[in-house]
Structures are given as C-alpha cells and as structure tokens.
Q: 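Quick one: the structure is below, and I'll ask about it shortly.
In what follows, every chain begins at residue 1, and chains take the letters A, B, ... in the order their sequences are listed.
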Amino acid sequence: MAGTRFHLLSTFSRQFSTLNNVSTVQPKLRIDEIRGRRMAIFDKEYKRQQALIPRLEKIEVTYEELNDEKVTLIMNKGISTPYNCAQHINEQLLKRSVVAEVNGEVWDMHRAITTDCTLKLLHMKPEDLHQATLVNKAFWRSCSFLLGAVVESTFQDEISVCLHSFPPANVRSGSFVYDVQLNLKDWVPSQNDLRQIAAAFQKFVRQDHIFQRLDVDSSVALKMFEDNAFKTEQIPHIATKSSTGRSITVYRVGDHIDISRGPMIASSSLVGRCSIPAIHKLNSKLYRFQGVALPSEIHINHFAFGILESRARKLAKSCKDT
Amino acid sequence: MVSSLAVDITPSSKAFKLFFNHEQIRTMSRVKRRTTHPPYWHVLKNNQRDDEKISSDNLRFVREVIQDKYKNKSPIKGSDLGIEKTEWDPKTKRSGVIARNIGMQHMWEKDGKKIICTVLQVLDNHVIRYVPPEEYANSVIGAKMFKNRKPLGCLVVGAEATNPDRFTRQYCSLFNEVGLLPKKRLARFIVTPNAALPPCTPLTAGHFVIGQAVDVYGKTIDYGFQGVVKRWGFKGGPASHGATKFHRRGGTIGTGRDKARVWPGQKMPGHMGSERRFNRGLKIVRINMKYNIVYVKGTVPGPTNSIVQIFDTILPRRKFTEAPPHPTYFPPEDGTLPQEDIWDSSLHVFGSPSISV
C-alpha cells in the first residue's frame, strides 16, 4: 500500500514543482506517519472490541428477496455482516449490493449485525423511490469520503493539508464536496491539476477498498485525530449527538481513516466514472473540492456526463458553510 | 484514394500490361484485399458500452442542450468564410465530395438511346480541416504517398451530422475546433494548395459541372463467402450426363509433380466483395441543385445506400479544359437562385415532348 502512495505523490509532485506561491513550510509529520499511527489505533480498538465477544451466539437473519420470498440464515451475533449473508446466497448480490436494510434501518454492508432481524440488500438501480434516495445518499457520502482520502495524499509534502469536513450529501447542489485547509495563499488550480486529482481518485477507487466501520469512544477518536485541529473540535460535538453520548463512527478505507455519520457503500469499486470539475476557495485557507461521479454499473455517454460536470462546476452551497 | 493493391494496375501503369500473365494473376490473388479494422492512429469512434436508460425528461433536456450548443453553427455564405481568390490551372486538384448511392435511374438521349445512370446524393459535406503539404508529408499515409513526389495538401471533409452522444468523446473532439455537430463519415481529399478550403465550408452538388467526368470510389457489394464459380468465374462441371457431385466445384488444384504442393494464390472459395474500388471516367449527365443530387452515367461500386466518394477524374483525356467552380461552388451573392435541375444537352428531358425517330 505504501508503494502505491509514493507513486501517487510522485505523479502529483511533478505538477506542483512549478508553483511559486507556496507559503512558508511548516514542519509537519508526513502523511504516511500520521496514517500509520491512526491505523495502529484503529486496529488496536478493533481487536479490543472483537475480544469483548465472549462466545459465539447465533442469530436468525431473514433475508427478503425481491419477489418477497424469504430465506432464513443462521449467522454469528456481533461478527456476521450483511456481506457475509450475501456470501451464503448469491455472487451477483455480493457484487451488486451497495447498502443493506436491517429491520428497516440503513446498515453498512460490512457492519456486524447484533440481533435477529430482517435483511434487505439494496443495489444501484432500485425501483422503489425511497430505496433509491437512500442508496444515492450513501453513494454521495462515500464519494465525499473518498475525495478526502485522495486529496490528503495528492499534495506535496511541503504543503500542509488539513481535512476539515464534508457537508451532508446534497444531490441538488450538483456535486459531492470536501472542505480542505491548505496553506497555499492564492492557488488557482489549472485544468491539469484537476485532471491529476481525478486520475488519482480513479486509481484509488480501482483498488477495491472496503469501507470498514468502527464505533469508537470519543477519547479514542481524539487520540486518532490529535494532529487535526478541526476534527478535534468537531469530535465532542458529534459525540454528544450520538445515542450513548460518547461514541463516534469512524470509517477506514485502505489507509485512510475519517469520521462520518452515515452508512457508506460496500466497497470503493462500486464507484465508476468520476471527475473533479472545480475547486473553489471558501475563505482565506479553506478550499472546497467538488466532484461528480457515477456508479460503475451505470454508464452514460460523454455528452450527458459533460452536462453533469458543468453543473458540478458551480459552487455547491451547503447549510454548513464556513 | 490510393489503390490498396500492392501493384498499381491503373490503365496508365506498366503492371496493367502484365496483368494477364498467369504468374501475376496468382500473385494478385494473394494480395491482402481488405482490412476490417481502422488504422491504429484513428481515435475510437463508437461508444463501447450501451447507455443506461435515461428518463424521457432528461433525454429531452440533453437534446435541448445539444441544440443550444450547435444552433449558431449553420452553414454560412461563401463571402463570410474568408476564402482567398485563387486561380485555377489545369494541374489543380480540387476537393472531392462524400455522397450516398441512392439507386439507379434510366435516362434517354435525344436519339432515343437508353443509358443507365446512378443517382448519387451529395450529403451535408463540411470541410473539417486543411492539412498543408509540408505537414501532410510527415504523416503515415502522406509519407507513403509522396515518397518521391512533390507533396500536396489534404482536406478532411465530413458528412452526415449526428448527435454527439452516439460517439466517444475523443471522436467528438475532432469537431470541437470547427464547432460543428460530429459527422458520421470522414474522408480525406488530396488537393493542391490553391484549392484549399477553410473549415466549415459546405460542399454541394454544385461543386460539379454537367458533362464532366468523375471517378467514384466505394466499397464493392459484399457477397460473403462465395464458391469458385461466382468468385473466380470457373466453369464447374456438367449439370447432367452422370456427373456425380461435381457441378460447381473447383476441380484440380495442382499438377502433383511440379513443386509438389498447392501454389500460394491458388483460386479457391472465399470471401468475395467488400473491396475498395474506383470506377473511373463516369460522366455527369444531370444535377439537381435543390436536393443535391448528381446523376452519373454508368455504375458505381457498392450497393444502394452505401457511401461513396466522388472526385474529378484523373483520366487524362477527360480532364477539365476550362475552369470548374474553383475552389468550390458558392451560391451567387446577389441572392439569385441557381437553376434547380440542370440536364446535359444530349439528354432528353422528362416531361418535354416525346422523341420521334
């Protein structure tokens, strides 16, 4: 994994070497070290949570097929995920499923099920409008997350990249968004820069990373993101809103770890064609990266995709504007 | 435009005289006659994957966007294109035209003689770009063509405008500079620099003159896999008189002694047709300016509704003696409409009093 990231850095560094408006260098830990540290904490917490399960208990999961046929599966409590359930049924379900519905609640494909439940697996082209909105929102949320992962690793080492956050998925805005703080004074991204980031995004997505979810205590989350000032500020706020009052959901995709509330898609390979049409400057240091993507199952001609891109170029305004 | 055979067998060449040498015939049937794939330097043209079903509202929106984008790029008057006034000389090579063979029609001369004509509709041709001689001589085809000759320029002409969503982005980018709707068909015409045309110039049936001779280039009718009787004209065997299972077969394929094997190029059943051919020296007998139709005396390679290219002839005794519309035809600037249907003087015009001999 480290090998590919070095490659990503080197492809982008060629472009940025001609920049002459980079502000003074601040000594900062390199991204690899930060990520390595976060991953270590993540793995440790994951193992600790797994160890809490004393013995394997069984639960009954009723999978509802499209024509209302029911299949009963006996799965392990706290370990089996909807993905494991799909493994017992059909390979097509494995490849197609984006998000699951457990007892009517939207659920990640790789999140463990804890009680007896009814299971529904949603794919990219559902007929039901409500299901379609759920899948769409999960897709856009995941794309924002992936954008953050890619942006963090595509800038040169001298430029300090601080991921701020991403607003809730808003299809009407025309693009998925990630706000990033860069210590660049007046950076006007060229067409080539945008294309490079999009290429890096495509490359990352093709590596087929699973979205691994973990619910952690806010203290663990603070330790993970101690280098990121924005996240340290946001974590207490988010924790208070959760059910227990102290837990944060954290997702891991490949080497990247970030906080996010909602369910994500099963794996990054579900994202197909993508483009980063615009990067807007919000205020003195915050840049809004905007992207538009299609699922890999859905293909439209270049002209129609061009219309989507031109729409995504407009500044996406959200209620969380800083 | 260049003959695809390894040996040039146009009537003016030496090889033409050797053609009926049997060794040569055997070599001729070895020559690679057709390729079904485009050259490696062409961009990918067609969409590789079918589009997802877009809702009808969205489809209508996409169509509106396409119309808005291209609505200002309608063909403009000749005077607005900024064409330099160049002189015509007998050595000028003008542009050709892309047309569709829409069928055959009988015509009658004034003495009652029937002639068979092919009806060719000149499609909505527009010049896409002009490649000057020095640049064209560096390209793959140009280098081969002008190896020991003075290089000429190349006009890229397109016909049949279609929606951009049918093609790939790379193919549509070929038309971005000119701002035209992407064309279904592209063709190269070798021109002398004085016959160069600026991009976006329309080419119509008026480009040609009544009575001129043209060469028509097309792909012949595809007969598919054919037997030796149809493909090579073998006689086969007797239909009756006891012939057992030998009516349309090839017969012997070698001597058995000499060389002791089947010679390469032995005529056998195989794929017939779908080859690029020229029919040279065809006379234009009628032009319809309103529908852009050219009636050409004789037959043309290819089936009905196939695309062909029409050039001014290279046959030396049928070339132009006086200047044709050079570099191409433009409607008169004083707004007078040209004559709609122009007939050759020797032809009997339909509707006029009947011929009496």
Side-chain angles (χ1 to χ4, degrees), chain A residues 92 95-96 98 122-133 135-136 139-140 143 171-175 191-192 194-195 198-199 201-202 205-206 265 269-277 291-314, chain B residues 38 41-74 124 126 128-129 158-186 199-200:
Chain A
Q92 199 197 30
K95 294 218 173 100
R96 256 189 355 167
V98 181
L122 308 178
H123 57 282
M124 278 298 180
K125 302 180 209 172
E127 272 98 40
D128 186 38
L129 190 65
H130 173 66
Q131 285 182 353
T133 341
V135 169
N136 204 15
F139 181 75
W140 278 57
C143 285
V171 179
R172 281 186 179 281
S173 70
S175 58
Q191 281 301 310
N192 211 11
L194 297 173
R195 245 178 269 136
F201 191 105
Q202 290 272 31
V205 143
R206 296 259 178 286
I265 57 178
S269 64
L270 288 162
V271 180
R273 180 101 186 261
C274 77
S275 159
I276 313 288
V292 68
L294 283 176
S296 46
E297 267 187 58
I298 294 174
H299 176 262
I300 54 172
N301 60 73
H302 75 277
F303 197 86
F305 192 70
I307 298 175
L308 290 175
E309 274 182 312
S310 56
R311 176 69 183 86
R313 229 164 257 138
K314 298 188 194 157
Chain B
W41 62 83
H42 277 195
V43 296
L44 193 65
K45 184 173 170 187
N46 294 312
N47 281 325
Q48 299 297 287
R49 254 178 97 173
D50 286 325
D51 273 9
E52 188 64 35
K53 277 203 168 58
I54 309 179
S55 70
S56 49
D57 285 337
N58 283 333
L59 271 176
R60 225 176 298 133
F61 172 66
V62 172
R63 291 274 180 273
E64 273 172 30
V65 174
I66 293 174
Q67 273 169 13
D68 279 336
K69 186 176 175 194
Y70 291 104
K71 73 172 174 210
N72 292 325
K73 304 293 179 178
S74 48
D124 57 330
H126 282 103
I128 307 297
R129 84 185 83 95
E160 271 195 292
T162 32
N163 271 329
D165 51 21
R166 281 179 194 270
F167 301 127
T168 53
R169 183 173 274 196
Q170 305 95 299
Y171 186 78
C172 292
S173 67
L174 297 171
F175 305 92
N176 281 342
E177 264 183 39
V178 263
L180 289 170
L181 272 170
K183 303 281 190 185
K184 239 194 226 174
R185 185 70 176 231
L186 286 174
C200 264

Q: Would the number of heavy atoms belonging to other residues, nucleotides or ligands and lying under 6.0 Å from CG of D128(A) be above 12?
A: yes
Q: Under 4.5 Å between any side-chain heavy atoms of K69(B) and F303(A), yes or no?
A: yes
Q: Decide if atom CD of Q170(B) counts as having more than 12 heavy atoms of other residues, nucleotides or ligands within a radius under 6.0 Å.
A: yes
Q: From the options N163(B), D50(B), T168(B), N47(B), select the one residue that forms a side-chain contact (heavy atoms from CB on, under 4.5 Å) with N301(A).
A: N47(B)
Q: Could you check whether atom NZ of K45(B) has more than 12 heavy atoms from other residues, nucleotides or ligands sitting under 6.0 Å from it?
A: yes
Q: Where on I66(B) is there a heavy atom nearer than 4.5 Å to chain A: the side chain, the backbone, both, or neither?
A: both
Q: Quick check: do H299(A) and R49(B) have side-chain heavy atoms less than 4.5 Å from each other?
A: yes
Q: Can you tell if the side chain of F61(B) reaches within under 4.5 Å of the side chain of I307(A), non-hydrogen atoms only?
A: yes
Q: Heavy-atom distance under 4.5 Å between the side chains of E52(B) and K125(A), does that happen here?
A: yes
Q: Take a 6.0 Å sphere around CZ of R166(B) and say whether it holds more than 12 heavy atoms from other residues, nucleotides or ligands.
A: no
Q: Which atoms form the tightest heavy-atom contact between I300(A) and D51(B), and what is the distance?
A: C-OD1, 3.5 Å
